[in-house]
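Keep in mind the model is a prediction, meaning the values are calculated, not measured. Below, each value reflects all heavy atoms present in this structure, side chains not excepted, and no hydrogens, waters or symmetry copies. Atoms within each ligand, like the ligands themselves, are counted from 1 in listed order.
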Amino acid sequence: MLRSCTAGLRSLWALCGRREGAPRLSTDLPPAPRLFSTEKVIHKDWSLPNPSWSKDFKLLFDQFMKKCEDGSWERLPSYKHRSTQKSEDFKTYFLEPKLVKEERVSQVQLFTRGFEDGLGFEYVIFSNNDEKRTVCLFQGGPYLQGIPGFLHGGAMATMIDTALGSCAAIPGGIVMTANLNINFKRPVPICSVVVINSQLDKLEGRKLFLSCNVRSVDEKTLYSEATGLFIKLDPEKSLT
Ligand SMILES: CCCCCCCC/C=C\CCCCCCCC(=O)SCCNC(=O)CCNC(=O)[C@H](O)C(C)(C)COP(=O)(O)OP(=O)(O)OC[C@H]1O[C@@H](n2cnc3c(N)ncnc32)[C@H](O)[C@@H]1OP(=O)(O)O
């Protein structure tokens, strides 16, 4: 027991980037995880069930995992910090050395994965590459409240962007949102589970046109509809 606790703590510190035995001042903040260092960082996949997931959420998750068995669907893993290759891509494309200092770089993490279990964005995305579509199961936690009892529209927009972006990334690779239009039709109750169905409608050179709808699990309520334009980044062009 003690052994596994120690191992757990060691893993936690590894995640926080602190070398064992390193001196620490009482005024120090815990060191941030090191994204681009060569130190070993543990990559936990956050798109797997945790105890905060509701019964509906787990049920739907299981249904989609079944669909993955014949290979037509695939669960997309999700990491707080990008996998090594993706990190390299991001370094090339996104991190402007003039603007982002090394200490800050070490704190970089995915916006939607910055909350404790159940408090923020709980989601998993399944993709069907042949049909060029994805399904995102999303449970918005109590830290995402807007109007009392309901999800903040910006939180919903974030998830829609993430769902559409993931769908666009299947054929597009590294893409960025150029345009996002959302019609909010019904407010989404906090802690409820919604299903975001996204699809690629058109591919025109570097432009990917997508659309999605957000529905309740029983499909009776249409919460939102959205369209998005994503642009495949041109490696020859600077972003800034
Ligand atoms: C980040 C995605 C990573 C994906 C890969 C990871 C795998 C998946 C894993 C996890 C999924 C997570 C998913 C997260 C999703 C979050 C996404 C965001 O939050 S992105 C941040 C917000 N967006 C910006 O900050 C963009 C700011 N804008 C720009 O930087 C540029 O405008 C950019 C890169 C979008 C395009 O710039 P240019 O220079 O490359 O391209 P030009 O030549 O301007 O446009 C190309 C074509 O697109 C049209 N176009 C561009 N913007 C348009 C617009 N707003 N409306 C209509 N057309 C537009 C142009 O007219 C042109 O068309 P013609 O080729 O001439 O036909």
Exercise. Does any N or O atom in T162 lie less than 3.5 angstrom from one in ligand 1, N or O only?
Worked result: no
Exercise. How does E204 reach ligand 1, if at all, at less than 4.0 Å between non-hydrogen atoms: by side chain, backbone, both, or neither?
Worked result: neither
For this session: Consider only side-chain heavy atoms of I, L, V, M, F, W and Y, link residues closer than 4.5 Å, and tell whether I182 and L144 are in one cluster.
Result: yes
For this session: Test the R133-F126 pair against the cation-pi criterion, namely NZ or CZ under 6.0 angstrom from the six-membered ring centroid and within 45° of the ring axis.
Result: no
For this session: Tell me, please: is A168 in heavy-atom contact with ligand 1, that is, under 4.0 Å?
Result: no
Exercise. With respect to atom 42 (P) of ligand 1, which of K237, E236, K207 exhibits the smallest heavy-atom separation?
Worked result: K237
Seminar exercise, completed: When rounded to the nearest 0.5 Å, the distance separating CE of M156 from CZ of F121 is 9.0 Å
Problem set entry | Any N or O of G165 closer than 3.5 Å to N or O of ligand 1 | no
Problem set entry | hydrophobic_cluster_shared for V193 and M159, side chain cutoff 4.5 Å | no
Problem set entry | Whether G205 lies under 4.0 Å from ligand 1, heavy atom | no
Seminar exercise, completed: Tested for side chain to side chain donor-acceptor pair (under 3.5 Å) against S211, the lone hit among N197, D201, N181, T227 is D201
Exercise. If you measure from each non-hydrogen atom of D234 to ligand 1, which part falls under 4.0 Å: side chain, backbone, both or neither?
Worked result: neither
For this session: Using distance alone, decide if ligand 1 has a nitrogen or oxygen within less than 3.5 Å of any nitrogen or oxygen in S166.
Result: no
Exercise. Under a 4.5 Å cut-off applied to non-hydrogen side-chain atoms, are F230 and C167 in contact?
Worked result: no
Exercise. With a cut-off of under 6.0 Å to the ring centre and 45° to the axis, is K67 in cation-pi contact with F64?
Worked result: yes
Problem set entry | Candidate with minimal heavy-atom separation from atom 57 (C) of ligand 1, of L110, T112, I170, L229 | L229
Seminar exercise, completed: Within 4.0 Å of some non-hydrogen atom of L233, the atoms of ligand 1 are 34 (C)
